[in-house]
**Q** 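Following this message is one structure expressed as structure tokens.
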Amino acid sequence: MLAYDSMGLIVQMVRKSEQMLKYIPQEIESKWQQRWAQDRLYEVNENDTRPKWYELTMFPYTSGDLHIGHWYAMAPSDVHARFKRMKGYNVLHPMGFDAFGLPAENAAISRGIHPFTWTMDNVERMRSQLKSIGAIYDWRREVITCLPDYYKWTQWFFLKLYEAGLAYRGKAPVNWCPKCQTVLANEQVMGEGLCERCDSAVIRKELEQWFFRITAYAEELLDFSHIQWPERIKTMQKNWIGKSQGVEIAFGLEDGLAEGAGSSQQEFRVFTTRPDTIYGVTFAVFAPEHPLVEQFTTAEHKDEVMHYVDRARHQSDIERTAMGRDKSGVFTGSYAINKLNGERIPIWIADYVLMSYGTGAVMAVPAHDERDFEFAKRFNIPIKVVIAPPDWSGKELSEAYVEPGLMVNSGQFDGLPSEQGMEAIADFITEKGYGGRQTTYRLRDWLISRQRYWGAPIPVVYCDRCGLVPVPAEELPVLLPEDAEFRPTGESPLKYCETFVNTTCPKCKNAARRETDTMDTFLCSSWYFLRYSSADYKDAPFDGTKLKYWLPVDQYTGGAEHATMHLLYARFFIKALRDLGIVDFDEPFTRLFNQGIIVTEGKKMSKSRGRVINPDEYVAELGADAVRAYLMFVGPWDQGGEWDDRGLNGIARWLNRIWFLVLRAYTEDEPKETEIKNLRHTTHKTIKRVSEDLEKFRFNTMIAALMELTNYLGKVHEEGSVTSSDFGEAIDTLLLLLAPTAPHFTEELWTRSGHPYSIHNQPFPEWDEGLVAEEEFTLVIQVNGKLRDRVTVPVTITEEEARELALSRERIKTYLKNGECSRIIYVPRRLVNIIIA
RNA sequence: GCCGAGGUGGCGGAACCGGUAGACGCGAGGGACUUAAAAUCCCUUGGGUGUUUAGCCCGUGCGGGUUCGAGUCCCGCCCUCGGCACCA
């Protein structure tokens, strides 16, 4: 036995030598990354006996540097993919770049760099940053959407959809900046309806553009029964598609008022979800841009109406529909006839009616619609109650009554509850031939035209003789000209690029002009996940055999901000391809998980506010593994989290403790059976927790479980209370459980502790339910629902024993003195609650 | 306004199906080691009270309710974040 003093000295010396053993990530991370790449450890192929698992992360836009938000998306999904890999799946987890789009063009305009150069420089930088994550990306499959090898097929898909009648040209009002000569996305229109680039007033302009007929799939897109997606996202898509059922009904136009062009129309149609209120119609309203407006406006109102229409056209959608705005409108001088009661009602135009929804005209029922009520009040139009509110005395309403009720003032339908009235009137209208039941969607067709350079050119030619001619597939790709000029005006460079515009007609070989619009980048991202299956395939967008093997995507992860755009477009695209016989599945992404956003100082990171965390310096200092683990620890992945360097230090300390634990010699000191049993129990419980957490993306609690195991093993190490082999087994388990999270760190420790390379080819540990099972539990004893005592008891305890034990406890007895025990509640494996009156 | 998510210590967050609130980590305080600092290790850490290793009271945004028992369920509010915006 050593004396205490010298014992202390030895401990000191050991501690000192440990410091020399310190975990230095810089020495191991690049080493293993190189080794894995050299050994093609993560390259995957189709000839594999394991079941396939396609785990996809939304590819990043090539905006510049990768920031911590990218890591927050990439690292946890890689952990999940690695977990699946260790669980015995043949895992495809690819990476690529969404490379077309506005920012590249803006950089070109403001800094004189060609968009291609700007984008590819960003790709280079982002790729090397991505490599530092230590993910299992199979880089042979990289996809970059702005390369001709890729966009050739984007164009090919366009042609396919065109042939199928799913792509068409049409006019659509858009946000148009007269100065920039470009269409603006809603988000590019600033508050007052000004262009974000040049501050000019944005107007609404009718432009001839290309559309995809996504509305043809509206009904099928509402069916989520074959995919496992978050409720949140499904609800958002449902609301976005906005199905509503009602009736379309014709109103007559009063004769003799129309003056305009020859064949004047005798009626018009409106859509309503409330046919039960049709007797309460006191006016009709048309959208200002409705084509009939000109026809039925009377001479004396012409000036006023034209003025209003013109004003509406100069307002953006945003401005026009801004909340809290007073209703505006003008009377046209014409009247319509309500066919059900023969009443004559004035026709107005107002900008609260949208041309893009329903028929562009509404029957207004001020008594039972808030907007119509407001409008009627403003212009002194009668308000006629046809659905009686409860306890209605026949008085005027102070606000619209929109709830169901009994029908009044409705002719033969009086007395019917409004729900029945809807059906009765719908039937009546159908019988009389006035109209019929109709389903309407809020969803509009997908506008894919962009008046910009940096996108895939729409492969179409306009010929004076042959008209619109699609470019034959063999002539693809229609290449973007390299020599386009970027003028600060923001005008579409293609329009002014003679060498691009001037071409020959594929049909008649005479001079013709190319379409100068390019395609929305959401098109590129609607099929990139197909390309990963065979990224270098030359004869088609993908190799059919490989596609069949990998697709659909088993697990997709990405931000919830894509709920109604990318995720909906991709679903549509796949359904369209399926109907064209190009793919044989219905949905692109079987499972979906949305991660939250990582914030600093409680706010979203934004480049403009200088609040962006760059991961590089943290990776350089503490290692990618620490950053990976930290990002998963900050909070539930779907809720995002707060970036705090101090928390990152905590993770680094934890990894250090594991480092010592594994490499420091273990000495047995009288191993005890109970301790060995306890060790196995704890280890297996952790395997279970970690496996279940990983499966469900609950990364934060998974890390906590591993920390607990580490702390426990630390104690065991100090006490030497189990055999060396038992301890070694537990350490191996810890490393295996940690391997998906900290791939470099665990590979180093795995090989250092004498195991053959590579830990990542090891199966994930399995737990033994028998070892997980508890032998004891803490029985809680409550009196009147308040915790008063607890005892550790065997799980085999019977109710009778538990009751007796509870009542026999000294502490409980003191409570029993104060009153009669009226009842005892026993919850197995939990508690005894004694009720004292 | 509507839809969705959320509100728990000084902070990030745990808590299965209604059953021990605060796991795990950060931060803070104290101690050990050190000439010193860093690093590391140990102890304490929701608030109050107390005879200070017992015990008791309060406590999960606010107000009610259901229940033997509520962070969890119900009703009514308040606040934060994300999305959508006159959809007939």
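What you see is a predicted model; the values in this text were computed from it and never measured. As a basis for the values below, the full set of heavy atoms in this structure was taken, side chains included, without hydrogen atoms, waters or symmetry mates. Here is the naming used below: chain letters follow the sequence lines, and residue numbers restart at 1 for every chain.
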**Q** Reckon A:Arg371 has a side-chain N or O less than 4.0 Å from the OP1 or OP2 of B:A85?
**A**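 Negative; the distance criterion is not met.
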
**Q** Classify the nucleic acid contact of A:Asn711 as base, sugar-phosphate or nothing, counting any heavy atom under 4.0 Å across all strands shown.
**A**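 Touches sugar-phosphate only.
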
**Q** By the 4.0 Å heavy-atom rule, please label A:Arg788 as base, sugar-phosphate, or nothing.
**A**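 The answer is sugar-phosphate, as A:Arg788 gets under 4.0 Å only of primed atoms, P, OP1 or OP2.
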
**Q** Looking for any heavy atom pair under 4.0 Å, which part of the strands does A:Arg442 touch: base, sugar-phosphate only, or nothing?
**A**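 Base, at least one base heavy atom under 4.0 Å.
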
**Q** Give the residues of residues 685-704 of chain A touching RNA chain B, defined as any heavy atom closer than 4.0 Å, sorted by residue number.
**A**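 Heavy-atom contacts with RNA chain B come from A:Asn700, A:Thr701, A:Ala704.
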
**Q** To the nearest Å, how far apart are A:Leu831 CG and B:G69 P?
**A**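 So the CG-P distance, A:Leu831 to B:G69, works out to 13 Å.
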
**Q** For a quick check of understanding: with a heavy-atom distance under 4.0 Å over all strands, which category does A:Thr273 fall into, base, sugar-phosphate or nothing?
**A**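 Counting heavy atoms under 4.0 Å across all strands, the contact made by A:Thr273 is with sugar-phosphate only.
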
**Q** Within a 6.0 Å radius of atom CD on A:Glu774, are there more than 12 heavy atoms belonging to other residues, nucleotides or ligands?
**A**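 For A:Glu774, atom CD is crowded (more than 12 foreign heavy atoms under 6.0 Å).
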
**Q** By nearest nucleotide on RNA chain B, pick out whichever of A:Thr564 and A:Asp369 is the more 5' one.
**A**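 Its nearest nucleotide being more 5', the pick is A:Thr564.
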
**Q** Go through residues 628-640 of chain A and report each residue with a non-hydrogen atom lying under 4.0 Å from RNA chain B, sorted by number.
**A**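 Going residue by residue through residues 628-640 of chain A, the ones with a heavy atom under 4.0 Å of RNA chain B turn out to be A:Phe633, A:Val634, A:Pro636.
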
**Q** By nearest heavy atom, map A:Arg646 and A:Arg823 onto RNA chain B; which one lands nearer the 5' end?
**A**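 Here A:Arg646 is the residue nearer the 5' end.
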
**Q** Atom NZ of A:Lys786 to atom P of B:G55: distance rounded to whole Å?
**A**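 After rounding, the gap between these two atoms is 16 Å.
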
**Q** Assign A:Ile835 to base, sugar-phosphate, or nothing according to its heavy-atom contacts below 4.0 angstrom with the strands shown.
**A**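 Sugar-phosphate, backbone atoms only, no base.
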
**Q** May I ask you to say what A:Gly650 touches in the nucleic acid, namely base, sugar-phosphate or nothing, with a heavy-atom cut-off under 4.0 Å?
**A**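 Contact class for A:Gly650: sugar-phosphate only.
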
**Q** For a stem of at least 3 consecutive Watson-Crick or G-U pairs with distances under 3.5 Å, i pairing with j, i+1 with j-1 and so on, which stems involve RNA chain B?
**A**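 So the stems come out as B:1-7 with B:78-84, B:10-12 with B:24-26, B:27-32 with B:40-45, B:46-49 with B:55-58, B:61-65 with B:73-77.
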
**Q** So does A:Gln782 reach the base of B:G19 with its side chain, donor to acceptor, closer than 3.5 Å?
**A**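 Answer yes: a donor N or O sits under 3.5 Å from an acceptor.
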
**Q** Taking the six-membered ring for Trp and the single ring otherwise, decide whether the centroids of A:Tyr630 and A:Tyr618 are under 6.0 Å apart.
**A**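 No, ring centres 6.0 Å or more apart.
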
**Q** Any N or O donor-acceptor pair under 3.5 Å from the base of B:C16 to the side chain of A:Arg830?
**A**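 Pair found.
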
**Q** Assign A:Ser244 to base, sugar-phosphate, or nothing according to its heavy-atom contacts below 4.0 angstrom with the strands shown.
**A**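 Since only primed, P, OP1 and OP2 atoms lie under 4.0 Å of A:Ser244, the category is sugar-phosphate.
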
**Q** For residues A:Tyr308 and A:Thr332, is any side-chain donor paired with an opposing acceptor at under 3.5 Å?
**A**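 There is no such pair (donor and acceptor under 3.5 Å, judged by atom type) between the side chains of A:Tyr308 and A:Thr332.
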
